[in-house]
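Below is one structure, written out as C-alpha cells; the observations come after it.
Small disclaimer: the values here were computed from a predicted structure and weren't measured. Along the sequence shown, residues carry numbers from 1. Values below: every heavy atom of this structure, side chains too, minus hydrogens, waters and symmetry copies.
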Amino acid sequence: HERGFETLSIPYPSFRRSLPGIVDHVSRSIPASEKTTHFVTHSMGGIVARCLAREHPASMTGKVIMLAPPNQGSEIIDWLKDCPLGRYAFGPGGMSLSTTDVRSSVPGFPPGQDVEVIMGRKPALPLFRFLLEGENDGIVTVESGRLPGDHHFETMDVDHTFMMGKREVLERVCQGLSS
C-alpha cells in the first residue's frame, strides 16, 4: 500500500470450509475491476490462487507472487491426516493440503501466467522439524514449493509464519510487482 498499490486482504474460513468453498468465498470477495489485479499469497493462499486461475480466470489479470506455498502438498498434513486433533487444528481447508490431494486435484496455472514463488529456509519453530526433510521454513519444505513449468523461484532466510511481515520479503514482493 505504501508503494502505491491498492490492496485488498481477503481472509477466508479455512477452519470451516473445504478448498472449493474457500475458492468460492474468495472469488466472491474480489471486486470487478478494469485494473490489473495481482495476487500476493501466503501458504494455502497460493493453492487457492491456483484454483482461482482455473475456475475464475478473468480475475487473474496480473502477476501472482506466492509466499511459502505448499505447491506439492504438505508433509505435515500427511502425518496428521488420520488424527482428530489435526482435523480440529487445521480444519477442512487445511486438511485438503495433503501431498496426494494437492498433486492430484489442484490445477497448475495456465500457460503464460506470470508467477513467482518465494520460499523461506529458516525454520523458527522446531515443532515439525522431524517431519521435514531438506531445507524448510518450519512448515513447508523448499522443494514442496516448486511449481512445474518455467516460473521464477527463490529462497530467502525467513520463516514460514512471519515471512510476509519481513522487510526484505516485502521489498522483493514490491520489486516483483513493479517489474
Side-chain angles (χ1 to χ4, degrees), residues 1 5-33 35-120 125 127-128 131-132 137-141 144-149 151 160-165 173:
H1 185 76
F5 291 100
E6 292 180 42
T7 62
L8 174 65
S9 177
I10 304 173
Y12 48 83
S14 62
F15 293 102
R16 295 186 314 275
R17 291 195 183 160
S18 65
L19 184 57
I22 293 167
V23 171
D24 180 60
H25 170 84
V26 170
S27 72
R28 288 185 283 111
S29 301
I30 301 170
S33 177
K35 298 177 183 178
T36 299
T37 303
H38 303 294
F39 286 80
V40 178
T41 68
H42 177 252
S43 198
M44 183 180 184
I47 304 304
V48 173
R50 287 171 54 185
C51 294
L52 278 169
R54 177 187 64 196
E55 297 173 26
H56 303 279
S59 66
M60 307 294 285
T61 60
K63 296 180 179 184
V64 178
I65 300 180
M66 306 168 88
L67 306 177
N71 280 319
Q72 301 300 316
S74 168
E75 296 91 341
I76 294 170
I77 297 301
D78 289 349
W79 186 71
L80 293 172
K81 70 181 176 188
D82 296 323
C83 175
L85 180 60
R87 288 191 296 276
Y88 175 77
F90 291 97
M95 294 309 288
S96 67
L97 298 177
S98 73
T99 56
T100 302
D101 289 345
V102 170
R103 291 173 184 167
S104 68
S105 63
V106 176
F109 285 103
Q113 180 69 55
D114 192 353
V115 179
E116 297 185 21
V117 176
I118 302 172
M119 298 299 295
L125 302 172
L127 183 62
F128 296 115
L131 293 174
L132 303 172
D137 62 9
I139 302 293
V140 179
T141 64
S144 182
R146 293 195 184 276
L147 276 171
H151 302 288
H160 183 90
T161 305
F162 301 109
M163 75 183 298
M164 64 286 219
V173 167

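Judged by distance alone, the side chain of Q72 and the main-chain N or O of R146 form a donor-acceptor pair under 3.5 Å. A donor-acceptor pair under 3.5 Å is absent between the side-chain atoms of D78 and the main chain of S98, judged by distance alone. For T36 (side chain) and G62 (main-chain N/O), no donor-acceptor pair under 3.5 Å exists by modelled atom type. Under the 3.5 Å distance criterion, the side-chain polar atoms of S144 are matched with a main-chain donor or acceptor of G73. For the pair R50 (side chain) and N71 (backbone), a donor-acceptor distance under 3.5 Å is present. Within the 3.5 Å criterion, the main-chain N or O of G45 finds a donor-acceptor partner in the side chain of Y12. No donor-acceptor distance shorter than 3.5 angstrom exists from the side chain of S74 to the backbone of P70, with no hydrogens or angles considered.
Distance CD1/I22 to CZ/R17: 8.5 Å, rounded to 0.5 Å. To the nearest 0.5 Å, atom OG1 of residue T37 and atom CE of residue M60 are 9.5 Å apart. Considering NE2 of H56 and CD1 of I30, their distance stands at 8.0 Å, rounded to 0.5 Å. With rounding to the nearest 0.5 Å, the separation of CZ in F39 from NZ in K63 is 15.0 Å. Going from atom OG1 of T41 over to atom CD1 of I65 covers 9.0 Å, rounded to the nearest 0.5 Å.
Contact record, L8 with S29: CD2-O, 3.6 Å, taken as the closest heavy-atom pair. Contact between E75 and T99 at its shortest, heavy atoms only, is N-CG2, 4.2 Å.
Ring geometry for H160 versus H42: interplanar angle of 30 to 60°, hence tilted.
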| Which is it for V106 and D101 under the side chain to side chain contact (heavy atoms under 4.5 Å, CB included) test, yes or no, and what are the steps along the way? | CA-CA 7 Å; V106 176; D101 289 345; over 6 Å; no
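Partners of P110 by side chain to side chain contact (heavy atoms under 4.5 Å, CB included), not counting sequence neighbours, listed by chain and number: A53, Q113.
Each of I118, V40, V117 was scored for a side chain to side chain contact (heavy atoms under 4.5 Å, CB included) with M66, with one residue passing: V117.
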